[in-house]
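Okay, so here's the structure we're looking at.
Given the structure is predicted, the values throughout are model-derived calculations rather than measurements. Labels below follow one simple rule: chain letters A, B, ... track the order of the sequence lines, proteins then strands, and each chain is numbered from 1.
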Amino acid sequence: DEAVVATPGETVNMILLPKFLGIAVFDQAHQGAEEAHAELQNAGTLEFLGPTQENSAAGQVEIVTTAASRDDVDAIMISNNAGDQLGPALEAAKAADQTVVTWDSPIPSGDSEDLFVAQVDFDQTGKVMADMALSILGEDGGKFAVLSASPDAANQNAWIASLQETLEDEAYASLELLDIVYGDDVTETSYDQALALVDKYPDMELIMAPTTVGIAAAAKAMQDEGLCETVKVSGLGLPAEMLDFTLNGCAPEFALWSFVDLGYVTYYATYLLATGAIEAEEGVSFEAGRMGVYTIEKDPTREVGLRIVMGPFSVYNIDNVEAAANPGGAEMTPEATEEG
Amino acid sequence: MYRIRHYIRPEQIREFSLIFIIMLAVLFFGTQIDGYYSARTFNRIAASVAIITVLAAGQTLVILTRNIDLSIGSIVGFASYFAGQQLSANQDMHPLIAVGIAIGFGALLGSVNGLLVVYGRVPSIIVTLGTLAIYRGVLVDYAQAKTITTDMMPTWLVDLPRVNLFTVGEIEIRVMVGVAVLVVIAFQLCLTYLLLGRRLYAIGSNPDAARVAGLPARRIVLLAYILCGALAGLGGFMFLVRFGTITVSAGVGLELSAVAAAVVGGVNIFGGAGTMFGALFGAVVIGTLEQSLLRMPNVSEFVRDALLGLFILLAVASDAVILQQLRSLWARWAREARETPAAHSEKESGHAS
Amino acid sequence: MQPILKLENISKAFPGVKALDHVEFELFPGEVHALLGENGAGKSTLIKIMTGIYQPDSGQILLDGHPIKIGNSAQAQGYGIAAIYQEPLVFPDLNVAENIFIGHRVKGAFVDWRKMYREADDILARLGVSLDARSQARGLTLAQQQTVEIAKALSLNARVLIMDEPTASLSAHEVEQLFNLTRVLRERGVAILFISHRMDEIFEIADRVTVFRDGQQISSKPIAEITRDGVIQDMVGRKLESFFARNEHEQGELMLSVRNLGKRGIFSDINFDIHRGEVLGFAGLVGAGRTDVGLALFGVEPADSGEIILKGSQQQIRSPEQAQALGIAYVTEDRRQLGLTLPMSIAANISLPSLRKYLSAVGIIRRKAEQATAENYRQRLSIRTPSIWQEAGKLSGGNQQKVVLSKWLNTEPQLLILDEPTRGIDVGAKAEVHHIIDQLAGQGMGIMLISSDLPEVLAMSDRILVMREGQQMGIFNREEATQEVVINAAMGQSRSDVKV
Amino acid sequence: MPPSFKWDSLKRWETLLAVVLAVVVIFNISQSSVFLRVDNLVNLFMLHIEKIIVVLIMTLIIINGEIDLSVASVMGLGACVVANLYERGVSMEAAILVGLGVGALCGIINGFWVAYVRLPSLAVTLAGLIAYHGIAEMLVEDRSIGNFPDWFNQLGQKALIGPLPLSLVIFFILFIIFAAVLHFSAFGRYVFVIGNNREAARYSGVRVRQVKMMLYIMSGVIASLAGILFAARLGAVRASTAEGFELDIITVVLLGGVSIFGGKGTLAGVGLSIMLVLCLRNGMNLLSITGNTQSTVIGVLLIFSVLIPNLTQDFQGFWNRRRMIAK
Ligand SMILES: Nc1ncnc2c1ncn2[C@@H]1O[C@H](COP(=O)(O)OP(=O)(O)OP(=O)(O)O)[C@@H](O)[C@H]1O
Ligand SMILES: Nc1ncnc2c1ncn2[C@@H]1O[C@H](COP(=O)(O)OP(=O)(O)OP(=O)(O)O)[C@@H](O)[C@H]1O
Ligand SMILES: [Mg+2]
Ligand SMILES: [Mg+2]
């Protein structure tokens, strides 16, 4: 099949809906979407709407429901934080002929979305985490625990499941998963949980936190208690937040993908779907600007659902973290760079 | 014996019931958790309650006047973000100035609350429910989704959580714990020995009577709000020190934790009664339960909250029972003293002269 | 001589009421100036204007001949004006000493606890009350709160001391102490404004008497020029029997027997009977425990030993609703805290204990019926109010008392416990209440009359039970009970050493 | 003039709310053609229907001088109980009954400590907030339970009478019942009296403890019902369902003019406050104002709705005095 190329200049009114407003990663996704928006010379609007963090799930439902009853919305791009609870609201949007694309975090049941733009292959996430664990702990492996976000965060749960599956593999036999705890993506809770793990499992050598809040809090906790030599931290983190901890060895290695690119690819996919240039069907290929060609496939991590996988993971360590933390010098830390 | 009863009232020693409850909790968890009786347990709990203690102290000041400040979670977030931003822009800033900025910023937000309550005559719960949302909203706009991270901070700040004031054996008294205890003691002294402190109680105890007695109620309530804001600012600074990474959601929900600590510590939500030590012990009760449950083996993630709620309820209930027992004990003593009037009056004249 | 305080042409109106109407008033140093008037005549309002709690609608206030503006209590204190208000306003969470001194303007920012306790003990001793300066004000009886208020006002060393019914809940002994202190202050040149509905007290202490009626000043004369009947006529605008005497009734069958009733640490060994149609008076000093016996019978603070036998069957009374179901009503002495729901209407207060009577078939309150009842009591007890839908909290003190009485009379009880029923109500209304008591007794109701107003107890009771510190000192028949006998018993001489 | 209907407060608070509401409605109409559409008006209610159902009972509890911070947790728990039982094969009808029963049980627990042991309700229901949520977590753990029977989802999502879905019908019926109970029945009178002065009520023979117990049980059942309706509307249940709703609920009650110290408030005021918040939120959503900006606007409204009349009053007083001095 030929990869479909988007025709610029059509009018598609789009809403980009993150889990909530106010934190860096979603802003980066917004940047990527804006970039694509400009590239495609969309005559319509791109609105960046989101709930507050405290009211994330109900807020998402509210925004989607309102969007569904608006005449001037053609497509919704959502990072789902409400599990299947968003289903009926998205059904209503689809009933109003709106295109629904999920990114970052899908609808678990897969019904009410057209397409999921996966940042990475969820099944790969487990392997990436296990590999980092081995690389940090050495070939002899060791014991480690997982510090996740909230127990009902769909993407985190999928990654942890994939990690557990990966661990069954012979190659990772030396790794022992002790416990899974939740820090609710709240700094204080994550910090306390990390220290509780240390106290509970004296022979634990690694905390794996597949959440940017958790990994930073855990690293800070280890640093504050002078435990960085004995307990390492790894997982999914933002280079800018992890810079210090990677440099001082508390979190020698962690991974993430580019949220800018994720927003960019999501925008392209949605634009193409909404303009009717492509259909959400298995095997359809399209070109997403500078990111290249993607092919829609069945999502193997869910029973129903189509996805494209953006990939790849970037694994950060002492060699590349600084460059990643300050892309172009001034993006993330204007104050720090202005002054010194 | 008579002297003791005469000088000490159940209301004054009610905090002992909390200590008793803490001891019970510690005994219980000691049987459940290996190596629980250790300096490390103490250090962990102490470090974890420091911030809440400072916030609860401020909250207590406001609650005493029959008001409430639900905005402190947002003040903490904003103050820590603001102080962090100033520090990252100005690495050489003197630590005291940095702390001063956080406290001053908190006091500023607190004074907005206070002015609205006092001069706008808007009920405090409405004002602070409003500013809870407003301060957070302004912070989100102000921060532009940027995060304060440890690498922007000067080294002294990053190292501060590790600094001990002094150690006794393995027990470490960290700077932040020291600050919290200092705040509690200082404000308790103010409440007991400053006229202002007593007036805080008077206003909360009976606002009508305070007006009739000619107390400058408005200024005092305003001051309580400013102090509460200032302590929330200090709490914000401690938040920055402890967690390093500050997003716009820093401190969300802390207002409820602070109110919970104060209420569990026996501070009357309708004003007039309560102490700083009560707030401290309230924070310690909750902190001990939380931290110990986290470390209890065989308690799954999903059972913990249920147990925590149950234990808090038990703590509040037994506190009430103990206090009631103390009261009736005193009443009995008072009656005995009255039934032996000779001995009574003799001793009374003895101490009165 | 120049008056310390002079009020010129003062008027004050509330919605529906002209509380003060072009009032002129002078207060001289070294005089005790009594202010008399029916309930709602405007006495308390005048006082609140003098202390800055209310602002007058018109007129001016002169201090030592200079016009002043009193914007709030702090300013009044600054001018040397101190007041004891009709309803005690204590800080329940502070202790007695703090309550006395909290409003003082003192130098320095620190509290000197030792000094404060010393001075508090001192002033309480001078008042002759055994009240511990260190005890919390929460839980003090109304009378004890009143003494705290008195101590507070006295300790201010004011030039003008205003006392709004300070004696209403005090018994003879405490009143005597208060008057002794008042005389000392008068010697020192303090100007004292004194309000009371007890005529005897006026003639004992006052130098000059001003009478108000309907917010207007009717007369102002030296004590020597007035007579009891004259004053009353000025007050009510017509001649009035000032004192009511009981009619003789047949006593009915036994209604209530109390045997060895006790409550640990409060009272013990209380024994008495009440027959239908009988009024049993309860006398004693403040804090004697009379109220507690009443509370035990009403189930508010149940007794923990002894028996209560009501109409032949033994009862465990554990709660007010149970007591009410048994036909008991209790008119509390503390109308503001316990007797009324101040922000609610007069009608709602009156119907509250008997609300079931006013329910329609679907459980909705029948407002018409409620209103009719309230209007009935308003007329019967001459409650002075623009409307029975007015908030109870906006009534004058005496009128509030009448509402409390109404609400319990309306339950048509068989046993009526009256705790200081005439506290703060004017002579006319008092006569009316006495008339009602007599009438109810005539209809066969048993009445327990707790009162610190000794003449009232003596006049109204068939028998009088005297208590002291939770002990029953004796029960006296109408014939043997004289003022002296009762006071002696209340002060602690047992019955045998009473010299008649 | 009926007694619990105070014209004074009506003048001050309810009228003001009505005026602000009118302004918001007019603004919404002028800004968005969608606003007046029936589906939008239904949505406007439905998006917060569970909260505003609980607002009704919370009004009574706050007027009674207490608070119930545990309502959101009970909502979540009710939903989780139903989901868990259904998942185990219990019939949906039975599961719902058990869910309501569990809500009642939560109410009984809260009520027992508050009414009979006389612990402060803030402390008790704060513990409840943590504990009931904890039990919900035990039941649902990290899952998301869905696939409920169609009739159940339909009830939550589809119109039942005219354009109105079941929850909206329930809300209107409850509103009328609660208004009648609060303002016209003996029970409502007791609620007010106790809220004003618990001791005076007791001295008048009012069954204070029973009334409080009743209120908490009602709160438990209604919160649980609201939680179940929430589950039906969203078609799935998680442990965090309804988490954090308590502050929103209390905010609406307070904006309705109910005093946090008890004894004061009307359902008319609360009804207006519900309409005001809903219209405001809907209008802002239609204008794409979301997230913290939206809560900031609500916060400002909350403060200003009390502040402005106070300031005007001060200002008037100031002018009157100026005029008098001038004379
Ligand atoms: N805050 C108020 N609002 C409305 N009316 C009031 C208010 N305060 C007093 N009044 C009315 O003003 C009148 C005078 O009341 P005031 O309290 O001065 O009477 P009083 O002479 O002290 O009576 P009493 O002997 O019963 O204490 C009464 O009719 C009362 O109802
Ligand atoms: N000397 C005392 N010191 C402290 N408390 C006392 C003293 N005497 C009595 N009490 C307390 O005061 C209460 C008794 O007051 P109560 O109101 O029953 O008496 P009363 O005869 O009705 O007096 P009053 O005229 O003040 O109403 C009891 O609760 C008792 O504990
Ligand atoms: Mg009066
Ligand atoms: Mg008494």
Side-chain angles (χ1 to χ4, degrees), chain A residues 13 15 17-18 20-22 26 45 47-73 80-92 96 107-109 111-112 148-154 156-158 160-161 180 182 184, chain D residues 32-35 37-44 46-48 50-51 72 79 136-137 140-148 153-154 156-158 230-245 247-248 278 281-296:
Chain A
N13 293 314
I15 291 177
L17 179 50
F20 42 83
L21 293 177
F26 296 124
T45 53
E47 291 182 294
F48 184 54
L49 304 179
T52 63
Q53 184 168 10
E54 308 87 84
N55 185 35
S56 179
Q60 287 198 322
V61 174
E62 184 168 351
I63 293 170
V64 171
T65 309
T66 313
S69 66
R70 272 170 58 180
D71 307 324
D72 57 348
V73 176
N80 174 27
N81 201 26
D84 283 327
Q85 296 184 331
L86 212 48
L90 288 175
E91 294 286 356
I107 309 295
S109 65
D111 302 335
S112 40
S148 181
S150 67
D152 47 17
Q156 258 92 4
N157 284 349
I160 294 170
I180 301 166
Y182 302 90
D184 297 334
Chain D
S32 167
S33 55
V34 177
F35 180 73
R37 267 185 7 211
V38 174
D39 64 331
N40 184 60
L41 290 178
V42 171
N43 267 345
L44 171 143
M46 285 306 288
L47 285 171
H48 298 274
E50 300 82 13
K51 287 185 204 168
E137 280 192 332
V140 174
E141 300 197 332
D142 57 357
R143 284 163 298 159
S144 165
I145 304 177
N147 290 325
F148 300 127
N153 287 341
Q154 301 268 324
Q157 296 154 21
K158 295 278 173 326
F230 195 35
R233 175 158 75 90
L234 300 184
V237 168
R238 302 189 302 164
S240 63
T241 298
E243 202 176 349
F245 281 10
L247 272 194
D248 288 348
L278 294 186
R281 278 197 184 278
N282 183 257
M284 285 193 282
N285 280 329
L286 290 175
L287 290 176
S288 299
I289 300 169
T290 58
N292 294 90
T293 318
Q294 200 174 92
S295 16
T296 305

(request) May I ask you to test the T52(A)-Q294(D) pair for a side-chain heavy-atom distance under 4.5 Å? (result) no
(message) Between L47(D) and T66(A), does the side-chain contact (heavy atoms from CB on, under 4.5 Å) criterion hold? Intermediate values first, please.
(response) CA-CA 9 Å; L47(D) 285 171; T66(A) 313; 4.0 Å; yes
(request) Compare all side-chain heavy atoms of V61(A) with those of R233(D) and state whether any distance is below 4.5 angstrom. (result) yes
(request) Just give me the residue among I15(A), L21(A), L49(A) that pairs up with chain D most often, heavy atom to heavy atom, under 4.5 Å. (result) L49(A)
(message) Counting only non-hydrogen atoms closer than 4.5 Å, does E141(D) touch chain A with its backbone (N, CA, C, O), its side chain (CB onward), both, or neither?
(response) backbone
(message) Contact between N147(D) and D84(A) at the side-chain level, heavy atoms closer than 4.5 Å - yes or no?
(response) no
(request) Please name the pair of heavy atoms, one in D71(A) and one in R37(D), separated by the smallest distance, quoted to 0.1 Å. (result) OD1-NH1, 3.1 Å
(message) What part of L286(D) gets within 4.5 angstrom of chain A, counting heavy atoms only: side chain, backbone, both, or neither?
(response) both
(message) For P88(A) versus G235(D), what's the shortest heavy-atom pair and its separation?
(response) CG-N, 4.3 Å
(request) For each of G146(D), S288(D), G291(D), tally heavy-atom pairs with chain A at distances under 4.5 Å, and name the one with the top tally. (result) S288(D)
(message) Does any backbone or side-chain atom of S240(D) lie under 4.5 Å from a heavy atom of chain A? Answer side chain, backbone, both or neither.
(response) both
(message) I want to check something: taking the side chain as every heavy atom from C-beta on, are E54(A) and S295(D) in contact at a cut-off of under 4.5 Å?
(response) no
(request) Identify the two heavy atoms, one from S69(A) and one from N40(D), that lie closest to each other, and give their separation to 0.1 Å. (result) OG-OD1, 3.9 Å
(message) Restricting to non-hydrogen atoms, name the atom on G83(A) and the atom on R238(D) that form the minimum distance, rounded to 0.1 Å.
(response) N-NH1, 3.8 Å
(message) Within this structure, what is the CG-CG distance for the pair N55(A) and D248(D), rounded to the nearest 0.5 Å?
(response) 6.0 Å
(request) Could you tell me which portion of D39(D) (side chain, backbone, both or neither) has an atom closer than 4.5 angstrom to a non-hydrogen atom of chain A? (result) side chain
(message) So for D72(A), is it side chain, backbone, both, or neither that comes closer than 4.5 Å to the heavy atoms of chain D?
(response) neither
(message) Report which part of P108(A) has an atom under 4.5 Å of a heavy atom belonging to chain D: side chain, backbone, both, or neither.
(response) neither
(message) Could you tell me if T290(D) and E62(A) have a donor-acceptor pair between their side chains, going purely by distance under 3.5 Å?
(response) no
(message) Given heavy-atom pairs under 4.5 angstrom as the criterion, report whether the side chain, backbone, both or neither of N43(D) touches chain A.
(response) side chain
(request) With a 4.5 angstrom heavy-atom cut-off, could you sort out which part of F20(A) is near chain D: side chain, backbone, both or neither? (result) neither
(request) Among the options V73(A), I63(A), N157(A), L86(A), pick out the one with the most heavy-atom pairs lying under 4.5 Å from chain D. (result) N157(A)
(request) Give the member of A92(A), A82(A), A89(A), A68(A) that has the highest number of heavy-atom pairs under 4.5 Å with chain D. (result) A82(A)
